Chemist: 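Sharing a structure here in structure tokens format.
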Amino acid sequence: MSAEVPEAASAEEQKSEHSMHPWSFQLSIPNNLEEMEDKVTSPEKAEEAKLKARYPHLGQKPGGSDFLRKRLQKGQKYFDSGDYNMAKAKMKNKQLPAAAPDKTEVTGDHIPTPQDLPQRKPSLVASKLAG
Amino acid sequence: MIPGIGTLTQDTLWCFSQVKGTIEIGTTEADIISTVEFNHTGELLATGDKGGRVVIFQREQESKNQVHRRGEYNVYSTFQSHEPEFDYLKSLEIEEKINKIRWLPQQNAAYFLLSTNDKTVKLWKVSERDKRPEGYNLKDEEGRLRDPATITTLRVPVLRPMDLMVEATPRRVFANAHTYHINSISVNSDYETYMSADDLRINLWNFEITNQSFNIVDIKPANMEELTEVITAAEFHPHHCNTFVYSSSKGTIRLCDMRASALCDRHTKFFEEPEDPSNRSFFSEIISSISDVKFSHSGRYIMTRDYLTVKVWDLNMENRPIETYQVHDYLRSKLCSLYENDCIFDKFECVWNGSDSVIMTGSYNNFFRMFDRNTKRDVTLEASRENSKPRAILKPRKVCVGGKRRKDEISVDSLDFSKKILHTAWHPSENIIAVAATNNLYIFQDKVN
């Protein structure tokens, strides 16, 4: 990539008239230099080359299935609802309980149902816009 | 900049009016504003946030004493619209973030709005109560039941005035109709139906019926491996209740007519701008994805927003837009880093002014842009606390692309990409705009002479 730039520059120097604007090079390029020039002149293509250099395994179909499917499944996936509730509880209380078990924990007697599990309390704090 | 209404000779000067929200270092995620919408008269302004809360502001009556100060917006009502849920089948969290709010036209004393998160649409009724019944027979003043045996006389309860109370109640909950994430809702001009659109499907609802909805668009392929595009936005025509449009991640817009068939998978019109194949790059499709589509008030045009431009299309011409405006073309040489930090996927919205003569959309660094369709002039303004003195005139901002940077200009590399203005709203008839800058809501008005 970096080798191409000086080559293109020297090719450009040979031309009699060209403006200082880099994008105008495209107008008077002989065919064999065109492809090389494209990478240099179009900022978008230059950015693309940069990206490919950093992530060589990036898929050929950019807007393709993988990308779209990731978009369809937005939102953090949890292993199960227990995992979800644990994560919410952790967020609420940064300190985990030391020794004494939580009295409201549902254990032992029966299989917990979703209603029994401690629900994440929604933000009861009013919006600051209303302050 | 020609104002939305009236004079053609003067440029509009925009002034700071109000800002809502707090100045914080390290914003709480829940406070991030996710949608802004004026109602049909402009009397009310609603915001939704990531925490699932809705705040409604009401414009105060203009007093005769202060002719030069236009009515300010003050808090009218606030409520928790959506709460976080957990989808047990998929083990996925359902965010409470309000994706869109849409007002219904006012038909009686109460106000109605639709608010939606990723999965559920709710119809909220916001009503005022300024009278309270007093003098019940069977209840005492605190509401405790009285023993009927102790009652010896009868009285007629009377209505007494009380301090104004604004109540918001959920009147309908439209749930379980979307497998994918709802990105748009749109109230139909018949005021009886509305649509909700997710990534792959669009459903038509009747306001009265919550347990049924009609699917009117379904672009889900039989084999998900063949998925090439998703629905990004949808809106009903402002006057023709049978017509709607939806935009896609591939930069196309389809106009559908519900009279043609029950399932509108075949479009009536297909809007797409031809692309120069030699210009195609890895980023082409991503930056062509339309993040917002809006009908003009006249119903004659549609405006679309993609990552770098805003385009105006004439409904009568499908092969290309009639106008294209560059929002921040200098970002074209930053696409690689914008892809890496995910900014390239930011969904900017766009709005028309009341007379369809000016369009507005947001950018980064808390900049927002306005384009006058008649004069072809544009301006970049900034929503910042530094320009927040009452009636302070906003100074146009300029981004310098390369080379020498003038004193007031800001260079592309200094732009703050975490300060993005995705949501803006324009009063339906006046030059008043609401701009959401992360967790703050700015209200600007044009200068009153």
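In the text below, chain A, chain B and the rest are named by the order of the sequence lines, each starting its count at 1. Computed from a predicted structure; not experimentally measured. Both backbone and side-chain heavy atoms feed into the values below; hydrogens, waters and symmetry mates do not.
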Chemist: Is N74(B) atom CG crowded by more than 12 heavy atoms from other residues, nucleotides or ligands, each under 6.0 Å away?
Modeler: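 Counting other residues, nucleotides and ligands, CG of N74(B) exceeds 12 neighbours.
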Chemist: Just how far is it from atom CG of L51(A) to atom CG of L338(B), taken to the nearest 0.5 Å?
Modeler: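 The distance works out to 11.0 Å.
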Chemist: Hey, are the side chains of T28(B) and K128(A) touching, using non-hydrogen atoms and a 4.5 Å cut-off?
Modeler: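 The answer is yes; the side chains approach within 4.5 Å.
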Chemist: Stepwise, does the side-chain contact (heavy atoms from CB on, under 4.5 Å) test hold for N279(B) with S42(A)?
Modeler: CA-CA 8 Å; N279(B) 280 342; S42(A) 159; 5.6 Å; no
Chemist: Apply side-chain contact (heavy atoms from CB on, under 4.5 Å) to S248(B) and list each qualifying residue two or more places apart in sequence or on a separate chain.
Modeler: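 Testing S248(B) for side-chain contact (heavy atoms from CB on, under 4.5 Å), a comparison that skips the adjacent residues, returns E229(B), K250(B), T252(B), R254(B).
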Chemist: Heavy-atom cut-off 4.5 Å, strictly under: side chain, backbone, both or neither for S77(B) against chain A?
Modeler: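 The answer is neither part of S77(B).
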Chemist: With a 4.5 angstrom heavy-atom cut-off, is it the side chain or the backbone of I33(B) that approaches chain A, or both, or neither?
Modeler: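 Answer is side chain: those atoms of I33(B) sit under 4.5 Å from chain A.
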Chemist: Between E48(A) and R280(B), what is the shortest heavy-atom contact and its length?
Modeler: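 Residues E48(A) and R280(B), closest heavy atoms: OE1-O, 4.4 Å.
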Chemist: For V75(B), what residues pass the side-chain contact (heavy atoms from CB on, under 4.5 Å) criterion, not counting sequence neighbours?
Modeler: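 Counting only residues at least two positions away or on another chain, V75(B) forms a side-chain contact (heavy atoms from CB on, under 4.5 Å) with A130(A), V55(B), F57(B).
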Chemist: Evaluate the side-chain proximity of P84(B) to Y84(A): yes if any heavy-atom separation is below 4.5 Å, no if none is.
Modeler: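 Side chain of Y84(A) against side chain of P84(B), heavy atoms only: contact under 4.5 Å found.
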Chemist: Between E340(B) and Y55(A), does any side-chain donor sit less than 3.5 Å from a side-chain acceptor?
Modeler: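 Yes, side-chain donor-acceptor contact under 3.5 Å.
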Chemist: Are side-chain heavy atoms of C336(B) and R54(A) found at a separation under 4.5 Å?
Modeler: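 When only atoms from C-beta onward are counted, R54(A) and C336(B) do touch, with a gap below 4.5 Å.
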Chemist: Which atoms of F345(B) are under 4.5 Å from chain A, going by heavy atoms: the side chain, the backbone, both sets, or neither?
Modeler: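 F345(B) touches chain A through side-chain heavy atoms alone.
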Chemist: Supply the atom-to-atom distance K88(A) NZ to F86(B) CZ, rounded to the nearest 0.5 angstrom.
Modeler: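 It comes to 9.5 Å.
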Chemist: Using 0.5 Å steps for rounding, measure from the CG atom of L129(A) to the OG1 atom of T22(B).
Modeler: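 So the CG of L129(A) and the OG1 of T22(B) are separated by 8.5 Å.
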Chemist: Check whether E85(B) gets within reach of chain A through its side chain, its backbone, both or neither, counting any heavy atom under 4.5 Å.
Modeler: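 It is the backbone, since no side chain atom gets that close.
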Chemist: Would you indicate whether the side-chain heavy atoms of L200(B) and L72(A) approach each other to under 4.5 Å?
Modeler: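 Of all side-chain heavy-atom pairs linking L200(B) with L72(A), at least one is under 4.5 Å.
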Chemist: So, does E44(A) use its side chain to make a donor-acceptor pair with the main chain of R332(B) at under 3.5 Å?
Modeler: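 Checking the backbone N and O of R332(B) against the side chain of E44(A), no donor-acceptor pair under 3.5 Å is found.
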Chemist: Within this structure, what is the CD-OG distance for the pair Q80(B) and S127(A), rounded to the nearest 0.5 Å?
Modeler: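 It is 10.0 Å, given to the nearest 0.5 Å.
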Chemist: Just so I understand: if I count every heavy-atom pair under 4.5 Å between each of D31(B), T78(B), I287(B) and chain A, which residue has the most?
Modeler: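 So the answer, after comparing D31(B), T78(B), I287(B), is D31(B).
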Chemist: Mind checking whether S91(B) and D83(A) have side chains closer than 4.5 Å, heavy atoms only?
Modeler: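 No, their side chains stay 4.5 Å or more apart.
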Chemist: Need one label for N439(B): side chain, backbone, both or neither, based on atoms under 4.5 Å from any heavy atom in chain A.
Modeler: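 Contact with chain A is through the backbone of N439(B) alone.
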